[in-house]
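As structure tokens, the structure follows; a few thoughts come after it.
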Amino acid sequence: MPAAVDILLVSPGTTSGWREADRALADAMRSLGLSVAVARPTFRLARHLRRGILATDLVEAAASRRAASQALGTHQPRAIVFSTVQATMLQPRRRLRGAAVRFDAPPSLNRRTAGARLLRMLERRGLSRAALLLPYGLRPAEQIRDAIDVDASMISLPVPIEGLNPLRQRQPIALAYAGNPGKKGLDMIVRAWEQADCGERRLVVAGIAANRGRAFLRGQAIAEPPAIEWAGVLGAARFRALVSRAELFLSASRYEDYGQSQLEALAGGALLVTSPSPGPYEALGLARELDANLVAADMQPASLAAALEEAIGRAPQQRSSYRERAAALTAAYSAHELRRRLRRDVLPVLLGDR
């Protein structure tokens, strides 16, 4: 007999960021007195088929269906929450009715390759049957609303920013995250770094092993700068400790689905120097509000280099003011706010009045 639970969270967990976001959501639900079971695909065989965007999305969809089916053999949930749009694509229709879907951005926003029409059809199939759509952040980006043409209610939920202890004395480093070096614009970051006058500062690149990062740069015909350091793939606690002492955070994503690292950088006291990346980039509006000159004018390395030099030239009082305002702007990205929105807006729809 399947065990009764309140929520089944179907969590593909294909990146460390997704796993952290899902952990925070499950913890918030449990803190509200709910029982939560997590279904997570293993991708033991499926990962070998993940070649290109279309194949990756379909493999994630198939693996998520299998994981959900296995979990439903041992659990009887009152409601199901899918933590990506892809996780809904191949689910049985009956499984989607009344469910919630949490995501950073729908695939239709940035899928332009062959097969995009099929993915769009599968996306609509899943989302049109859901009871709730739960995009990341404090407010759904307009482009998310425009891309999702379905009648389901939409309630945004922040990914909590936790474990940061900003240091008053910062180290002379610019931190960058390059888990996916092409998408995260590692080539543009390094070119901008080489063009800017960065003094004795170091460029510390996290999220990627040194051999992969060097191979990527070689493929782009870019020489490795002497001042670069490869921090490797870090756990959440180590990455946040690095954020908390970095002077700057340098970002040049070619497309940004949400930007949790950039939000953590702001909360952690680093000055955010960023390109105006397309996508529902939550931190971009905050960066412009804090200091528009630290946002590059366009997606060119020269513009990012100019914004980097602006940040380096900020006086101590300007930096202090920036950090104080950044802390205030990011304070609402909290576990408390996540619980509040779950209790007030989400659970009454998913579970009825509690």
Side-chain angles (χ1 to χ4, degrees), residues 15-17 110 170-234 238-240 242-243 245-266 268-279 281-284 286-288 290-314:
T15 68
S16 60
N110 66 347
R170 316 298 292 194
Q171 292 185 357
I173 61 175
L175 177 62
Y177 177 81
N180 181 333
K183 182 179 178 182
K184 294 300 182 181
L186 178 59
D187 51 329
M188 189 161 84
I189 286 172
V190 172
R191 286 190 170 109
W193 183 263
E194 290 287 83
Q195 292 179 33
D197 182 2
C198 299
E200 299 300 315
R201 292 170 179 81
R202 295 167 287 142
L203 174 62
V204 178
V205 180
I208 188 170
N211 60 337
R212 280 191 61 224
R214 289 178 178 129
F216 174 80
L217 292 180
R218 285 196 301 271
Q220 302 294 315
I222 298 174
E224 180 179 354
I228 198 169
E229 293 183 11
W230 302 98
V233 179
L234 305 175
R238 289 180 62 200
F239 179 77
R240 288 166 183 161
L242 191 53
V243 166
R245 62 177 188 269
E247 178 186 2
L248 310 166
F249 190 94
L250 193 53
S251 175
S253 299
R254 288 184 165 84
Y255 184 92
E256 189 58 76
D257 294 299
Y258 179 62
Q260 181 71 7
S261 296
Q262 294 91 328
L263 288 169
E264 289 184 351
L266 290 174
L271 276 64
L272 175 58
V273 179
T274 181
S275 61
S277 306
Y281 182 8
E282 183 96 356
L284 182 58
L286 276 64
R288 285 182 167 136
L290 288 163
D291 191 335
N293 289 323
L294 304 194
V295 178
D298 52 40
M299 295 293 295
Q300 297 301 315
S303 298
L304 188 63
L308 178 56
E309 290 190 344
E310 287 278 350
I312 290 170
R314 291 293 179 262

side-chain contact (heavy atoms from CB on, under 4.5 Å) assessment of L271 paired with L294:
CA-CA 8 Å; L271 276 64; L294 304 194; 4.2 Å; yes
Run the side-chain contact (heavy atoms from CB on, under 4.5 Å) check on D187 and R254 step by step: do they pass?
CA-CA 11 Å; D187 51 329; R254 288 184 165 84; 2.6 Å; yes
Show your working on side-chain contact (heavy atoms from CB on, under 4.5 Å) between L308 and C198 and close with a plain yes or no.
CA-CA 8 Å; L308 178 56; C198 299; 3.7 Å; yes
After noting the C-alpha distance and the side-chain angles of E224 and W230, does the key distance pass the side-chain contact (heavy atoms from CB on, under 4.5 Å) rule?
CA-CA 11 Å; E224 180 179 354; W230 302 98; 3.0 Å; yes
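Minimum heavy-atom separation, Y177 to G207: CE1-CA, 3.5 Å. Across all their heavy atoms, A231 and V204 have their closest contact at CB-CG1, 3.9 Å. Shown here for R288 and P276, the closest heavy-atom pair between the two residues is NH2-CB, 3.6 Å. Scanning all heavy atoms of the two residues, the minimum distance from A178 to V205 falls at CB-CG1, 3.8 Å. The shortest heavy-atom contact between Y281 and S275 is CE2-O, 3.9 Å. Of all heavy-atom pairs spanning A196 and A305, the tightest one is CB-O, 3.8 Å.
In this structure, the side chains of L186 and I222 stay at 4.5 Å or more apart for every pair of heavy atoms. Annotation: side chain of P181 is in contact with side chain of R212 (closest heavy-atom distance under 4.5 Å). At a threshold of 4.5 Å between non-hydrogen side-chain atoms, the residues L290 and L272 do not count as touching. Contact check for R201 versus I312: side-chain heavy atoms found under the 4.5 Å cut-off. Using a 4.5 Å heavy-atom threshold, the side chains of D257 and K183 count as touching. For the pair R314 and D291, the minimum side-chain heavy-atom distance is below 4.5 Å.
Note: L250 CG to L304 CG = 5.0 Å, rounded to the nearest 0.5 Å. Taken from CD in E282 to CD in Q262, the straight-line distance is 11.0 Å, to the nearest 0.5 Å. A distance of 9.0 Å separates OG1 in T274 from CD1 in I189, rounded to the nearest 0.5 Å. A distance of 10.5 Å separates CD in E247 from CZ in R202, rounded to the nearest 0.5 Å. Here the straight-line distance linking atom CD1 of I173 with atom CZ of R245 works out to 6.0 Å at 0.5 Å rounding.
With R170 contributing its side chain and A246 its backbone, the two residues share a donor-acceptor pair below 3.5 Å. A donor-acceptor pair under 3.5 Å is absent between the side-chain atoms of S253 and the main chain of S277, judged by distance alone.
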